[in-house]
Every structure is written in structure tokens, then in C-alpha cells.
Peer 1: 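Once you've had a glance at the structure underneath, I'll fire off some questions.
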Amino acid sequence: MADYVLVHGAMHGGWCWGPVRELLTRRGHRVFTPSLTGQGERHRELAPGVGVATHTDDLVDLIWYEDLGDVRLVLHSYAGILAGPVAERASGRLAAVVLAGGFLVRPGECLLDVEPPEVALRYRELVAQRGEGWYLPADASYLTQWGVRDERLRAWAGPRLTDFPFRCQTDPVRFDPRPLAALRRVYVRHTEPPLPSLDASLAAARSDGWEIRTIACGHDMMLEAPEETARIIAV
């Protein structure tokens, strides 16, 4: 038995991990699927001050208060940038970090630093035009960008997407890289379709010695292919 903490990406919530959580629980693991501040069922907590430090606190507090150990920390998409600070602050409690189609930053970088420039510009414009300068408005059209093709899945997931705090895209991520480097690190790349925005993160993972695994589905792998996702993150 192992402790798993499965963390969603931007505009999602713990709800997206439901099928994978059930599969891992059946195998005897303890599984936690928190919703980060301002996301999912916690969308009413969205505020201009919510940023990377807020979400780091969310995860560190969960690990501490639940007294978790030997944790497999699985981070999807945006949540990948939390790997370094959580590994530093939860030192001694993590066994492995898995980036499931996750963004990877080096100390001092922000999420937009590792996005393609044209994507970063589009997000900045959307925040300025429709997000009051501090949040990225949720829109079901992102499901197309993420490669979600199943119409029933789109109809179910689209209404559950929530506005995303812009500070999470612009806050520099500060951490000592050594605790993360000391852990087992696995990067899961998705290929059908791939997400070009992740190219820089995948390259950085390869350069830094992460194990690379591949899954043949789109970005929301936990929804599109829960059984394969559960298998591939079982490290």
C-alpha cells in the first residue's frame, strides 16, 4: 500500500481524478485528490491573492495534517510547477514525483516562462480583456486545446471548469532544487494528441534525468484513459 496525492491542473478540481482514485483505491492504496484553492468545489475561494504559494501551502498542509509518508505525488499540467517547492517543504515524506503531462520549471521561472510566447501572450490578453486583470476565464473551448474529443466527456467536464488565478501563471517559483532531484522522478508524456506547450517541459525533464513514460491519449489523461493512467502512475 502507498499514499497517493493526485493534483489537478488549471481550471480543474479534485473531481477529475475520480475514476483513477477509485482504481488505485481498489488496489489497496490510500488516495487523496485535493482541490486547490479557488478551483473545483472551492471556486468561491478564488481571489486576486491566490498564487503559487497558496497552492503549495494547500499540498504541504494536506501531507502534514494527514500525516502522509512514502507519498507518490502526481501533478497534472499546471500543478507540475509545484513539484520543486512541495518537495522542499515536505522533505522526508515523498517517495516519488510524477508529472502527468505537467509543466516543469527551474527555480525563479514562472509558468508563462515555459509556455510558447504566443500562448503566453494570448493568456495575458484574455486576462486583461475578460478576467479583470487577475484571472483566466474558464471556457469549454480549452477542451479542444487539450485534445478531449469524446463528446460525452466534453459535455460532462466543460461545465466543471473554473476560472484560474493569473498569479499562478506569473508568480516566480522559488525552491531549492536538491530535494526534488533526490527523489524518483517520472514524466508522463501524452501523444494522441500531444500538447506543444509542454515541449519545453519535456525537454527539461529529459535533460534533468527524469524517467519518461508515454500514454496514447490527450492532455486530460485521467479522464480519457483512467485505467492506463492508473497503471502508468503506479510508481
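In what follows, every heavy atom counts, from backbone to side chain, and hydrogens, waters and symmetry copies are set aside. All residue numbers refer to positions in the sequence shown, counting from 1.
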Peer 1: His12 and ring-ring contact (aromatic ring centres under 6.0 Å, His included): which single residue from Tyr78, Trp17, Trp146, Phe164 fits?
Peer 2: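 It is Trp146; the other options fail the test.
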
Peer 1: Identify the heavy atoms of Pro19 and Pro226 that sit nearest to each other, and give their distance.
Peer 2: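 That would be CB-CB, 3.7 Å.
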
Peer 1: If every non-hydrogen atom of Ala205 is compared with every non-hydrogen atom of Ile212, which pair is closest and at what distance?
Peer 2: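 What the structure gives for the nearest pair is CB-CD1, 4.3 Å.
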
Peer 1: Between CG of Asp171 and CD of Glu109, what distance do you get to the nearest 0.5 Å?
Peer 2: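 The CG atom of Asp171 sits 14.0 Å away from the CD atom of Glu109.
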
Peer 1: Of all the heavy-atom pairs spanning Pro159 and Ala155, show the shortest one and how long it is.
Peer 2: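 Minimum heavy-atom separation between Pro159 and Ala155: CD-O, 3.1 Å.
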
Peer 1: For the pair His55 (side chain) and Thr37 (backbone), establish whether a donor and an acceptor sit closer than 3.5 Å, ignoring hydrogens and angles.
Peer 2: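 Side chain of His55 to backbone of Thr37, a donor-acceptor pair under 3.5 Å: yes, one is there.
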
Peer 1: Same hydrophobic cluster for Val114 and Leu121, using side-chain heavy-atom links shorter than 4.5 Å among ILVMFWY?
Peer 2: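 The answer is no; the residues belong to distinct hydrophobic clusters.
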
Peer 1: Do Ser77 and His219 get their side chains close enough for a donor-acceptor pair, meaning under 3.5 Å?
Peer 2: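 Yes, because at least one side-chain N or O of Ser77 sits under 3.5 Å from a partner of the opposite role on His219.
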
Peer 1: Is any side-chain heavy atom of His190 closer than 4.5 Å to one of Met221?
Peer 2: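 Yes; the side chains approach each other to less than 4.5 Å.
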
Peer 1: Identify whether the distance between the nearest side-chain nitrogen and carboxylate oxygen of Arg26 and Glu22 falls below 4.0 Å.
Peer 2: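 Salt bridge between Arg26 and Glu22, a charged N being under 4.0 Å from a carboxylate O: yes.
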
Peer 1: Counting only N and O atoms by type, is there a donor-acceptor contact under 3.5 Å from the side chain of Thr214 to the main-chain atoms of Arg189?
Peer 2: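 No, the answer is negative, given that no donor and acceptor are paired below the 3.5 Å cut-off.
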
Peer 1: Quick one: do Glu224 and Asp150 satisfy side-chain contact (heavy atoms from CB on, under 4.5 Å)? Show the steps, please.
Peer 2: CA-CA 8 Å; Glu224 294 183 68; Asp150 184 283; over 6 Å; no

Peer 1: In the structure I gave you, are the side-chain heavy atoms of Leu180 and Val97 within less than 4.5 Å of one another anywhere?
Peer 2: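 Sidechains of Val97 and Leu180: in contact.
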
Peer 1: Please report the shortest heavy-atom distance between Pro172 and Gly108, naming the atom on each side.
Peer 2: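 Scanning both residues completely, I find the closest heavy atoms to be CB-O, 3.6 Å.
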
Peer 1: With a 4.0 Å cut-off, would you call Arg174 and Asp176 a salt bridge?
Peer 2: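 Here Arg174 does not pair with Asp176 in a salt bridge, since their nearest N and O are not under 4.0 Å apart.
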
Peer 1: Does a side-chain heavy-atom distance below 4.5 Å link Val5 with Pro34?
Peer 2: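 Yes, side chains in contact.
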
Peer 1: Would you call Arg42 and Glu45 a salt bridge, taking side-chain N to carboxylate O under 4.0 Å as the test?
Peer 2: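 Here Arg42 pairs with Glu45 in a salt bridge, since their nearest N and O are under 4.0 Å apart.
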
Peer 1: Between CG of Leu153 and CD of Glu151, what distance do you get to the nearest 0.5 Å?
Peer 2: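 It is 9.5 Å, given to the nearest 0.5 Å.
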
Peer 1: Could you tell me whether the side chain of Phe175 reaches within less than 4.5 Å of the side chain of Leu82, counting heavy atoms only?
Peer 2: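 With C-beta onward as the side chain, the pair stays apart.
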
Peer 1: Nearest 0.5 Å please: distance from the CG atom of Leu62 over to the CG atom of Leu68.
Peer 2: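 Spacing of CG (Leu62) from CG (Leu68) equals 5.5 Å.
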
Peer 1: Answer yes if Val119 and Tyr135 sit in the same cluster of Ile, Leu, Val, Met, Phe, Trp and Tyr residues linked by side chain heavy atoms under 4.5 Å apart, and no otherwise.
Peer 2: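 No, it is not one cluster - the side chains of Val119 and Tyr135 are not joined through contacts under 4.5 Å.
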
Peer 1: Any side-chain to backbone donor/acceptor pair from Ser207 onto Ala203? Under 3.5 Å, distance only.
Peer 2: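 Not a single qualifying donor-acceptor pair exists.
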
Peer 1: Verify the neighbour count for atom CD of Glu118: are there more than 12 heavy atoms of other residues, nucleotides or ligands below 6.0 Å?
Peer 2: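 Atom CD in Glu118 is packed in, count exceeds 12.
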
Peer 1: Measure across Gly9 and Gln39 and return the closest heavy-atom pair with its distance rounded to 0.1 Å.
Peer 2: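 Scanning both residues completely, I find the closest heavy atoms to be O-OE1, 4.3 Å.
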
Peer 1: With a 4.5 Å heavy-atom cut-off, do Trp134 and Arg167 have their side chains touching?
Peer 2: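 Sidechains of Arg167 and Trp134: no contact.
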
Peer 1: Could you point out which residue of Val7, Asp58, Thr56 forms a side chain to side chain contact (heavy atoms under 4.5 Å, CB included) with Val86?
Peer 2: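 Going through the options one by one, the only one that passes is Thr56.
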
Peer 1: If you count the non-hydrogen atoms of other residues, nucleotides and ligands that lie under 6.0 Å from CH2 in Trp156, is the total more than 12?
Peer 2: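 Yes, CH2 of Trp156 has more than 12 neighbouring heavy atoms, counting only those of other groups under 6.0 Å.
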
Peer 1: Measure the shortest side-chain to side-chain distance between Leu126 and Arg122 over non-hydrogen atoms and say whether it is less than 4.5 angstrom.
Peer 2: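 With C-beta onward as the side chain, the pair touches.
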
Peer 1: Quick check: closest heavy atoms across Leu104 and Ser201, and the distance to 0.1 Å?
Peer 2: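 Taking every non-hydrogen atom into account, N-OG, 2.9 Å.
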
Peer 1: Hey, could you give me the CG/CE distance between Asp139 and Met11, rounded to the nearest 0.5 Å?
Peer 2: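 Going from the CG atom of Asp139 to the CE atom of Met11 covers 7.5 Å.
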
Peer 1: Return yes if some donor-acceptor pair links the side-chain N/O of Arg72 with the main-chain N/O of Val235 below 3.5 Å, else return no.
Peer 2: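 Yes, because the side chain of Arg72 sits within donor-acceptor range (under 3.5 Å) of the backbone of Val235.
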
Peer 1: Please check if atom CZ in Arg27 has more than 12 non-hydrogen atoms from other residues, nucleotides or ligands closer than 6.0 Å.
Peer 2: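 Correct, the count exceeds 12.
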
Peer 1: Kindly work out whether a path of hydrophobic side-chain contacts (I/L/V/M/F/W/Y, heavy atoms less than 4.5 Å apart) joins Leu161 to Leu46.
Peer 2: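 Shared cluster, no.
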
Peer 1: As a quick check of understanding, evaluate side-chain contact (heavy atoms from CB on, under 4.5 Å) for Gln145 and Leu195, giving each step before the final call.
Peer 2: CA-CA 8 Å; Gln145 177 179 324; Leu195 183 64; 4.3 Å; yes

Peer 1: Could you tell me if Arg154 and Thr144 have a donor-acceptor pair between their side chains, going purely by distance under 3.5 Å?
Peer 2: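 Yes, Arg154 and Thr144 have a side-chain donor paired with an acceptor closer than 3.5 Å.
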
Peer 1: Hydrophobic cluster membership, with links at side-chain heavy-atom distances under 4.5 Å among I/L/V/M/F/W/Y: are Val31 and Leu23 in one?
Peer 2: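 Hydrophobic grouping puts Val31 apart from Leu23.
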
Peer 1: Look at Arg185 together with Asp208 and state whether they make a salt bridge at an N to O cut-off of under 4.0 Å.
Peer 2: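 A salt bridge is absent here (no side-chain N lies under 4.0 Å from a carboxylate O).
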
Peer 1: Is it true that Val50 and Leu59 fall in one hydrophobic cluster, defined by side-chain heavy atoms closer than 4.5 Å?
Peer 2: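 No, no single cluster joins them.
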
Peer 1: Taking side chain as C-beta onward, heavy atoms only, is Leu112 less than 4.5 Å from Thr170?
Peer 2: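 In short, these two side chains touch, coming nearer than 4.5 Å.
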
Peer 1: Within the structure provided, determine whether Val74 and Tyr4 are in side-chain contact (heavy-atom separation under 4.5 Å).
Peer 2: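 Result yes, sub-4.5 Å side-chain heavy-atom pair found.
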
Peer 1: Can you tell me how far apart CG (Leu75) and CG (Leu6) are? Round to the nearest 0.5 Å.
Peer 2: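 One finds 9.5 Å between CG of Leu75 and CG of Leu6.
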
Peer 1: Determine, for Glu211 against Arg184, whether the closest basic-nitrogen to carboxylate-oxygen distance falls under 4.0 angstrom.
Peer 2: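 Salt bridge present between Glu211 and Arg184.
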
Peer 1: Do NZ/NE/NH1/NH2 and the carboxylate oxygens of Arg93 and Asp70 come within less than 4.0 Å?
Peer 2: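 No salt bridge links Arg93 with Asp70.
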
Peer 1: Has Ser35 got a side-chain atom pairing as donor or acceptor with Gly40's backbone, closer than 3.5 angstrom?
Peer 2: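 No; zero donor-acceptor contacts below 3.5 Å.
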
Peer 1: Determine yes or no for a side-chain-to-main-chain donor-acceptor pair under 3.5 angstrom, with Glu88 supplying the side chain and Ala83 the backbone.
Peer 2: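 No; zero donor-acceptor contacts below 3.5 Å.
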
Peer 1: Show your working on side-chain contact (heavy atoms from CB on, under 4.5 Å) between Leu99 and Trp210 and close with a plain yes or no.
Peer 2: CA-CA 10 Å; Leu99 296 197; Trp210 291 61; 3.6 Å; yes

Peer 1: Would you compute the distance between atom CG of Leu36 and atom CG of Asp57 and round it to the nearest 0.5 angstrom?
Peer 2: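 That separation rounds to 11.0 Å.
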
Peer 1: Under a 4.0 Å N-O cut-off, is there an ion pair linking Glu228 with Arg231?
Peer 2: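 Looking at Glu228 and Arg231, the cut-off is met.
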
Peer 1: Please walk me through it: do Trp15 and Leu223 pass side-chain contact (heavy atoms from CB on, under 4.5 Å)?
Peer 2: CA-CA 10 Å; Trp15 55 267; Leu223 293 174; 4.1 Å; yes

